[in-house]
S.K.: 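Following this message is one structure expressed as structure tokens.
Within every chain, numbering begins at 1; the chains are lettered A, B, ... in the order of the sequence lines, protein sequences first and strands thereafter.
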2 protein chains.
Amino acid sequence: MGLDKRKRQVLYAIVHDYIQTAEPVGSRSISRRYELGVSPATIRNEMSDLEEMGFLEQPHTSAGRIPSDRGYRFYVDSLLRVPSLTVKEVTFMKQLLSSRMRSAEEIVQQLAKLLSALTSYTAIVLGPSESQAKLRQVQLVPVSSRQIYLVGVTDGGLLLNRMVEIPSGVDAESLASLQQWLNQRLAGLTLEQIKAQDLLALQDEMQAGIDLFETVMDELLGSVNQQEVGKVYLGGTTNILNQPEFHDLHKVRAILELLEEDALIWEAMAQAAGKGVTISIGAENALSAMQECSLITAEYRLGDGLIGHFGLLGPTRMNYDRVLALVQGVCETLNQLYGL
Amino acid sequence: MGLDKRKRQVLYAIVHDYIQTAEPVGSRSISRRYELGVSPATIRNEMSDLEEMGFLEQPHTSAGRIPSDRGYRFYVDSLLRVPSLTVKEVTFMKQLLSSRMRSAEEIVQQLAKLLSALTSYTAIVLGPSESQAKLRQVQLVPVSSRQIYLVGVTDGGLLLNRMVEIPSGVDAESLASLQQWLNQRLAGLTLEQIKAQDLLALQDEMQAGIDLFETVMDELLGSVNQQEVGKVYLGGTTNILNQPEFHDLHKVRAILELLEEDALIWEAMAQAAGKGVTISIGAENALSAMQECSLITAEYRLGDGLIGHFGLLGPTRMNYDRVLALVQGVCETLNQLYGL
DNA sequence: TATTAGCACTCGCCTTAGGAGAGTGCTAAC
DNA sequence: GTTAGCACTCTCCTAAGGCGAGTGCTAATA
């Protein structure tokens, strides 16, 4: 990018200041707060250039400048310095994430709370995908004449639960034999591997009713292929009310209503799947309600083939440095606690 | 209450009007809209009386009147006429609540959505208490060397799940024998009945380790005695943003932050336990953030000993008639669908 | 050529003032 | 007991003026 050193300094200063104050930044305040060794007039010229290049915007003629989406983008790509977390924060994280969790759901819920507590943004955590989970054991619990409850335990001791509607008239024996067969043939495989097998061929081996077999397998593998909408966990939805850019009720409503739409949120987050840490700034987001927000996403792993995504949603004037540090910290901590 | 007929009419008119318009009601508009056969001046006198008696308030000297909490209370106790739901609404309810639910959790979640969709208020649904649930079957699924997963099936086919931390060194046999014993001795009892038994005596019968027995029973019965905070399901939290009284960001924040505090919400709702339908108006609510809200609560039964509470939270200027009709309708519908 | 000081100008925000509108309370008449 | 008439009060809306922050331009300077 053709930005000389001083332009980079000025852009950095403006982004940095604006992130803290939420007020347009003027040339004088930059020359006061940052030691650039030039006068406000010179800075004004630089600002004027930066505006023409699309990195800055002016709310109105006689106001200071604020970063444009492109300005933030440049900041994030080239200027940012990710600080390290304090020892305090790290221990806090470990404490909250490790305090004898009982299920993946609890971990994930706690993660949402943690993220929102350590920022003033809204945390979004998607429930983990199970397709990489390695099955260790399956138990079929009869619930009624038309339903059984399938409890799967993964290698790492996390649970996959499914309620299965079965054809009526299935007796306890066929259930038992199906269960035994499932445990013999599927143990040690991930759901994806199971999916990849030739189920029709397997089915022939089976003695139990075809209907029963099919419905159970369908249900067990249901989440693997179709890019299903799973559970969405939120933390700190009210945090955005503290952001000055959301002192407008219409904006607040747009965002809060969006956050209630699990399907949309899931989709927006899932787009970042497999890309590590992603940052979407303002209009880079597809959803119109998010055009004034930035979304930072990352992947978490619960060690056991359970992979999911989490993210932080805030105004474009987000504290990228800190959020990125936090995201990295969370990933590392989860790895330490539940790692492979 | 010493309110003559005309005063009741005037109070009714004011409450009715104010619920619809959210604007202070003047004497002239009453005499126009309602056929009381008297002039505005007369109505003014009545209003003045009603204000002195504490049923009305005046936002400022030259505005119309609005109902006070006490005014709403009188309206709710003595003036209200609960309309019946339209056929459309009833079928809509049945459809949403019956569409092959898989678990109590799903029903309850759906209930929250339904309630908020049919009103412009926020729905609060507490997860069902399990103490009245009749146990039919228990299955113990080993998860790791330190954990087992307890799956209980109730008489009506709903699930009680628990993760139990067990002492290490428990072998499969003692698990199996414990499971068998649990099924023999506890099937057909409610959790409360189980709790009431002399567990120490029972324990003597058991061959398996005492530690194991104790931890499993503790976990199974944990929710019965301690007035535990269960899951809180919300629907339509953004609905309050549409209420004119919440066009103020501070109030919005207060309410939304309160709604994130499951423990407080649970407590506020649970106070109405066992009282059928309750209505708390404005300052009748203990929570300060709810002083300008009304909360209507009722009990739902999922047929199977699973009893819980649900409610609707809105401004004191709530459409009590409609909400009460809806609450009744929901109770009836649930009874029809999952009734005893 | 790059930088700087000086200065007029712009625009949002705050305060103030005035007028319109809605509704009351009081008084006197019915 | 009820009503018409009327002065009064208070909010809301709009316009006007002053303040402050910040810019863009010009001309002088290193």
S.K.: How close or far is atom C1' of D:dG22 from atom CG of A:Asn45, stated in whole angstroms?
M.R.: 14 Å
S.K.: To the nearest Å, give me how far apart CG (B:Leu36) and P (D:dT2) are.
M.R.: 12 Å
S.K.: When you measure from the side chain of B:Thr42, which nucleotide among C:dT3, D:dG24, D:dT2 comes out closest?
M.R.: D:dT2
S.K.: I need the NZ-P distance between B:Lys7 and D:dT2, as an integer number of Å.
M.R.: 9 Å
S.K.: Considering just the side-chain nitrogens and oxygens of B:Arg44, establish if one lies under 4.0 Å of OP1 or OP2 belonging to D:dA4.
M.R.: no
S.K.: Side chain of B:Thr61 only, please: which of C:dT10, C:dG6, D:dT9 is the nearest?
M.R.: D:dT9
S.K.: Considering all heavy atoms of both residues, which atom of A:Gly54 and which atom of A:Ser68 are nearest to each other, and what is their separation?
M.R.: O-OG, 2.6 Å
S.K.: Out of the candidates B:Arg65, B:Arg8, B:Lys7, only one should pair with B:Glu46 under the salt bridge (Lys or Arg N to Asp or Glu O under 4.0 Å) rule; please name it.
M.R.: B:Lys7
S.K.: Can you measure B:Arg32 atom CZ to C:dA22 atom C1' for me and round it to whole angstrom units?
M.R.: 11 Å
S.K.: Any salt bridge linking B:Asp69 with B:Arg73? Criterion: basic side-chain nitrogen under 4.0 Å from a carboxylate oxygen.
M.R.: no
S.K.: Measure CD/A:Glu57 against P/C:dC11 and give the value in whole Å, please.
M.R.: 18 Å
S.K.: Looking at A:Arg28 and D:dG22, is any side-chain donor or acceptor paired with a base atom of the opposite kind under 3.5 Å?
M.R.: no
S.K.: So, applying side-chain hydrogen bond (donor to acceptor under 3.5 Å, both in side chains) with A:Gln243, which one of A:Arg317, A:Glu292, A:Lys251 is it?
M.R.: A:Arg317
S.K.: Could you tell me how far apart B:Gln58 (CD) and C:dG23 (C1') are, to the nearest whole angstrom?
M.R.: 8 Å
S.K.: Taking the minimum atom-to-atom distance to the side chain of A:Ser39, which one of D:dC10, C:dC11, C:dA5 wins?
M.R.: C:dA5
S.K.: Between B:His16 and B:Tyr75, is there a side-chain donor-acceptor contact under 3.5 Å, judged purely by atom types and distance?
M.R.: no
S.K.: In whole angstrom, give the distance that lies between atom CZ of B:Arg6 and atom P of D:dG1.
M.R.: 10 Å
S.K.: Can you figure out which of C:dG25, D:dA4, C:dA5 approaches the side chain of A:Ala41 most closely?
M.R.: C:dA5
S.K.: Specify the separation, in whole Å, of atom CD1 of A:Ile43 and atom P of D:dG22.
M.R.: 12 Å
S.K.: To the side chain of A:His60, which of C:dC11, C:dT3, D:dT23 is closest?
M.R.: C:dC11
S.K.: Can you find a donor-acceptor N/O pair under 3.5 angstrom joining the side chain of A:Ser62 to the base of C:dT10?
M.R.: yes
